[in-house]
J.: 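Just dropping this structure here.
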Amino acid sequence: MAYIFTLLFFVIIFPILLFLHRRSRYRRFRLPPGSLGLPFLGETLQLISAYKTDNPEPFIDQRVNRYGPIFTTHVFGEPTVFSADPETNRFILLNEGKLFDCSYPGSISNLLGKHSLLLMKGALHKRMHSLTMSFANSSIIKDHLLVDIDRLIRLNLNSWTDRVFLMEEAKKITFELTVKQLMSFDPGEWTETLRKEYVLVIEGFFTLPLPLFSTTYRRAIKARTKVAEALTLIVRQRRKESIMGEKKNDMLGALLASGDHFSDEQIVDFMLALLVAGYETTSTIMTLAVKFLTETPLALAQLKEEHDQIRAKKSYPEAPLEWTDYKSMAFTQCIINETLRVANIIGGIFRRAMTDINIKGYTIPKGWQVFASFRAVHLNPDHFKDARTFNPWRWQVQSNSEVTNPGNVYTPFGGGPRLCPGYELARVVLSVFLHRIVTGYSWFPAEEDKLIFFPTTRTQKRYPIIVKRREESGQCKAP
């Protein structure tokens, strides 16, 4: 009997008492309006179920309508303040390391590792962020990476026949590109095996970090261990080669040559997180750009015209692209801007308050998590006319009234000290991909597919399409 009472106390009664104690303590603050929901679970289940609908921002929309652009909730085990306000989001981004610390749900932190760039802080983060940007700046892309990007994209597209799952094919491309940049590996059996484990790791990102209760999280932890073991073997081999004087001009080579003397674990965590970033985000933008273009024939026609002009200057169809070709893709950048805005692969960022913070008349208590929502701002008609409509022409003129103050409201790559270091590389990859697919292929959807938004933005059926080479078929029309 005593055992049963003790069990009940720690499993049911104690959590409720702790929850009530915390709630009473927070009453002394002027918190943003909202609800903390149930003990421990909070509103996590409402958030997860909401994003399985066709609405891109149901959880936040509902609460913004009820409470305003800044509200309190409780998700993934923590009280959290959500912001759908661009000024507040900018304040959060710019005060990284001063008022806010980088913070992510336990599931993401555990799966990425404590040494990932996402979770690094202070001087070490600044150093590693700078190192990452040095391998993805325009000069490096122009002189070294563009050739490999174009070659690997052409190699993948040349293997396409008839029906393909575009989301899967795009992920293969971006993963192979990232592995090449990080470790100088060309596509092969090893890279494909590693990629399949990454799929399982990513699936565990937005789950409660409790292996006992979540099979998805438990499977993700096992996959993460396999990935870490595979990368550790590579790091150790490269250390031996480095000692023997063999060096490669890639990210791993730079880490090993660094005077910081990083451990194997630090390097593995760092590379693991970069592989996740390259794999998931750019590939989804590739897929959704094609989907949006398919649904917007005028935009597709204008994009084809731009790229056919570039192709016409080449001595043969698969001649390598040059930096001047990329810089001439003006409408392509409008397509990319609008796809990033509508799709919002990075829906927002988590941070943690380092002290009690007063903002917009509210107090965010020290230790609380905050979530700055980029998606909620990008899809707000106050900032973008017909905000939920794909309209690439809105980006053609900087002063276009379609966009209100783009510098403050358009943040697809974040901002502040944690601005995505690969933003220029991502644009180049997307531009090269769009060039190769619109000049080399025609396509139509193999079946209806729709967007879903949890745990990440993607299509429900991986966007199956029927593809034909343009020179073989002229125009490929749906039956």
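Reckoned from all heavy atoms, side chains included, excluding hydrogens, waters and symmetry mates.
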J.: With sequence neighbours left out, what residues match Lys450 under side-chain contact (heavy atoms from CB on, under 4.5 Å)?
T.: Asp54, Gln460

J.: Do the side chain of Thr191 and the main chain of Pro187 share a donor and acceptor less than 3.5 angstrom apart?
T.: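 Not a single qualifying donor-acceptor pair exists.
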
J.: Taking Tyr198 for the side chain and Leu272 for the main chain, is one N or O donor matched with an acceptor at less than 3.5 Å?
T.: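 Yes, Tyr198 side chain to Leu272 backbone: donor-acceptor pair under 3.5 Å.
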
J.: Got a salt bridge between Arg224 and Asp269, using NZ or NE/NH1/NH2 to carboxylate O under 4.0 Å?
T.: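 Yes.
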
J.: Under a 3.5 Å distance rule, please check whether Arg341 uses its side chain to pair with a backbone N or O of His378 as donor and acceptor.
T.: yes

J.: Please examine the side chains of Ile149 and Phe433, heavy atoms only from C-beta on, and report whether any two atoms are closer than 4.5 Å.
T.: no

J.: At their closest point, which heavy atom of Val409 faces which heavy atom of Val377, and how far apart are they?
T.: O-CG1, 3.5 Å

J.: Salt bridge check, Lys222 against Glu197: does any charged N sit closer than 4.0 Å to a carboxylate O?
T.: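 Salt bridge between Glu197 and Lys222, a charged N being under 4.0 Å from a carboxylate O: no.
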
J.: Do Asn158 and Arg436 pair up side chain to side chain, a donor and an acceptor below 3.5 Å, judged on atom types alone?
T.: no

J.: Got a salt bridge between Arg352 and Glu78, using NZ or NE/NH1/NH2 to carboxylate O under 4.0 Å?
T.: yes

J.: First locate atom OG1 of Thr339, then atom CD1 of Ile285, and finally report the distance between them rounded to the nearest 0.5 Å.
T.: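 Going from the OG1 atom of Thr339 to the CD1 atom of Ile285 covers 6.0 Å.
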
J.: Any side-chain donor paired with an acceptor under 3.5 Å for Thr457 and Arg375?
T.: yes

J.: Please report the closest heavy-atom contact between Ala136 and Ile141, naming both atoms and the distance.
T.: O-CD1, 3.5 Å

J.: Can you check whether Arg239's main-chain N or O pairs, donor with acceptor, with Ser242's side chain at less than 3.5 Å?
T.: no

J.: Could you tell me whether Lys226 and Glu229 have a side-chain N and a carboxylate O separated by less than 4.0 Å?
T.: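 Result for this pair is no, no salt bridge flagged.
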
J.: I'd like to know if the side chain of Ser130 and the backbone of Lys126 have a donor-acceptor N/O pair within less than 3.5 Å.
T.: no

J.: Would you check if there is a donor-acceptor pair between the side chains of His307 and Thr332 at a distance under 3.5 Å?
T.: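 Result is yes, a qualifying pair exists.
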
J.: Quick one: do Ile108 and Leu119 satisfy side-chain contact (heavy atoms from CB on, under 4.5 Å)? Show the steps, please.
T.: CA-CA 10 Å; Ile108 295 178; Leu119 301 173; 6.0 Å; no

J.: Which distance, rounded to the nearest 0.5 Å, do you find between the OG1 of Thr174 and the CZ of Arg195?
T.: 8.5 Å

J.: When the ring centroid of Tyr463 is compared with that of Phe165, is the distance short of 6.0 Å?
T.: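 So the answer is no for these two rings.
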
J.: Step by step, work out the side-chain contact (heavy atoms from CB on, under 4.5 Å) result for Leu425 and Gln181.
T.: CA-CA 11 Å; Leu425 179 61; Gln181 184 191 6; 3.3 Å; yes

J.: Kindly check if the number of other-residue, nucleotide or ligand heavy atoms within 6.0 Å of NZ (Lys114) is above 12?
T.: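 Not more than 12 within 6.0 Å, no.
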
J.: Compute whether any side-chain donor of one residue and acceptor of the other, for Thr80 and Trp368, lie under 3.5 angstrom apart.
T.: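 Result is no, nothing qualifies.
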
J.: Backbone N or O of Gly347 within a donor-acceptor pair of the Asn344 side chain at under 3.5 Å?
T.: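 Flag not set: sc Asn344 to bb Gly347 has no pair under 3.5 Å.
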
J.: Is it true that Arg462 and Glu169 make a salt bridge, defined as a side-chain N closer than 4.0 Å to a carboxylate O?
T.: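 No, Arg462 and Glu169 are not salt-bridged.
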
J.: State whether the side chain of Glu295 and the backbone N or O of Phe292 hold a donor-acceptor pair below 3.5 Å, judged by distance alone.
T.: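 No; judged by distance alone, with no hydrogens or angles, the pair does not exist.
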
J.: For the pair Met133 and His129, evaluate side-chain contact (heavy atoms from CB on, under 4.5 Å) and give the outcome as yes or no after the intermediate values.
T.: CA-CA 6 Å; Met133 289 198 76; His129 189 274; 3.4 Å; yes

J.: Which heavy atom in Ser431 sits nearest to a heavy atom in Tyr326, and how many Å separate them?
T.: OG-CE1, 3.4 Å

J.: Which of these, His144, Lys180, Arg238, sits in a side chain to side chain donor-acceptor pair (under 3.5 Å) with Asp250?
T.: Arg238

J.: Testing the basics here: between Ile267 and Leu256, what is the closest heavy-atom pair and its distance to 0.1 Å?
T.: CD1-CD2, 3.8 Å

J.: Checking side-chain polar atoms at under 3.5 Å, does Gln369 have a donor or acceptor matched by the opposite partner on Ser103?
T.: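 The answer is yes; a qualifying pair exists.
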
J.: Would you indicate whether the side-chain heavy atoms of Leu340 and Ile345 approach each other to under 4.5 Å?
T.: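 Side-chain contact under 4.5 Å: no.
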
J.: Does a salt bridge link Asp264 with Arg236, judged by any charged N lying under 4.0 Å from a carboxylate O?
T.: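 Salt bridge: yes.
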
J.: Give a yes or no on whether the backbone of Lys98 and the side-chain of Asn95 come within a donor-acceptor separation of less than 3.5 Å.
T.: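 Not a single qualifying donor-acceptor pair exists.
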
J.: side-chain hydrogen bond (donor to acceptor under 3.5 Å, both in side chains) between Tyr441 and Arg469: does it pass, once the steps are laid out?
T.: CA-CA 4 Å; Tyr441 295 87; Arg469 294 186 184 277; 3.3 Å; yes

J.: Using 30° and 60° as the class boundaries, would you call the ring planes of Phe82 and Phe371 parallel, tilted or perpendicular?
T.: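 Ring orientation of Phe82 relative to Phe371: tilted.
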
J.: Hey, are the side chains of Leu300 and Thr294 touching, using non-hydrogen atoms and a 4.5 Å cut-off?
T.: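 When only atoms from C-beta onward are counted, Thr294 and Leu300 do not touch, as no gap falls below 4.5 Å.
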
J.: Less than 4.5 Å apart, side chain to side chain, heavy atoms only: is that true for Ile452 and Thr459?
T.: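 No, side chains not in contact.
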
J.: Give the minimum heavy-atom separation between Phe413 and Ala426, together with the two atoms involved.
T.: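 In terms of heavy atoms, the two residues are closest at CE2-CB, 4.4 Å.
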
J.: Between Glu424 and Ser138, is there a side-chain donor-acceptor contact under 3.5 Å, judged purely by atom types and distance?
T.: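 Side-chain D/A pair, Ser138 to Glu424: absent.
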
J.: Is Phe100 close to Leu94 at the side-chain level, that is, under 4.5 Å between some pair of heavy atoms?
T.: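 When only atoms from C-beta onward are counted, Phe100 and Leu94 do not touch, as no gap falls below 4.5 Å.
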
J.: Indicate whether any N or O donor in one side chain lies under 3.5 Å from an N or O acceptor in the other, for Arg219 and Ser214.
T.: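 Distance-only check fails for Arg219 and Ser214.
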
J.: When you compare the side chain of Thr411 with that of Asn89, does any pair of heavy atoms fall below 4.5 Å?
T.: no

J.: For the side-chain contact (heavy atoms from CB on, under 4.5 Å) test, which of Ile437, Val432, Leu434, Asp148 pairs with Ile153?
T.: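 Among Ile437, Val432, Leu434, Asp148, the one that satisfies the side-chain contact (heavy atoms from CB on, under 4.5 Å) with Ile153 is Val432.
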
J.: With a cut-off of 6.0 Å (strictly less than), are more than 12 heavy atoms of other residues, nucleotides or ligands near CD of Glu447?
T.: yes

J.: Apply the test side-chain contact (heavy atoms from CB on, under 4.5 Å) to residues Leu430 and Arg427: give CA-CA distance (whole Å), side-chain angles for both, the deciding distance (0.1 Å), then the verdict.
T.: CA-CA 5 Å; Leu430 290 162; Arg427 284 188 174 277; 5.5 Å; no

J.: Is there a side-chain contact between Val438 and Trp443 in this structure, where contact means two heavy atoms from C-beta onward sitting under 4.5 Å apart?
T.: yes

J.: Any ion pair linking Arg388 and Asp61 (charged N to carboxylate O, less than 4.0 Å)?
T.: yes

J.: Below 4.0 angstrom, N of the basic side chain to O of the carboxylate: do Lys291 and Asp449 qualify?
T.: no

J.: Step by step, would you call Thr232 with Glu265 a side-chain hydrogen bond (donor to acceptor under 3.5 Å, both in side chains)?
T.: CA-CA 8 Å; Thr232 299; Glu265 182 187 6; over 6 Å; no

J.: Should Glu96 and Lys121 count as an ion pair when the cut-off is N to O under 4.0 Å?
T.: no

J.: Do Leu111 and Phe205 have side chains that approach each other closer than 4.5 Å (heavy atoms only, starting at C-beta)?
T.: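 Counting from C-beta outward, Leu111 and Phe205 do come under 4.5 Å.
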
J.: Can you check side-chain hydrogen bond (donor to acceptor under 3.5 Å, both in side chains) on Ser258 and Arg127, steps first, answer last?
T.: CA-CA 11 Å; Ser258 168; Arg127 162 93 175 103; 3.1 Å; yes

J.: Using modelled atom types and a 3.5 Å cut-off, is there a donor and acceptor pairing between side-chain atoms of Asp325 and backbone atoms of Glu322?
T.: yes

J.: Checking Ser283 against Glu168: is there a side-chain donor and acceptor pair closer than 3.5 Å?
T.: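 Not at all, the side chains of Glu168 and Ser283 share no donor-acceptor pair under 3.5 Å.
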
J.: Measure the spacing between CZ of Phe270 and OG of Ser116 and express it to the nearest 0.5 Å.
T.: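 It is 9.5 Å, given to the nearest 0.5 Å.
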
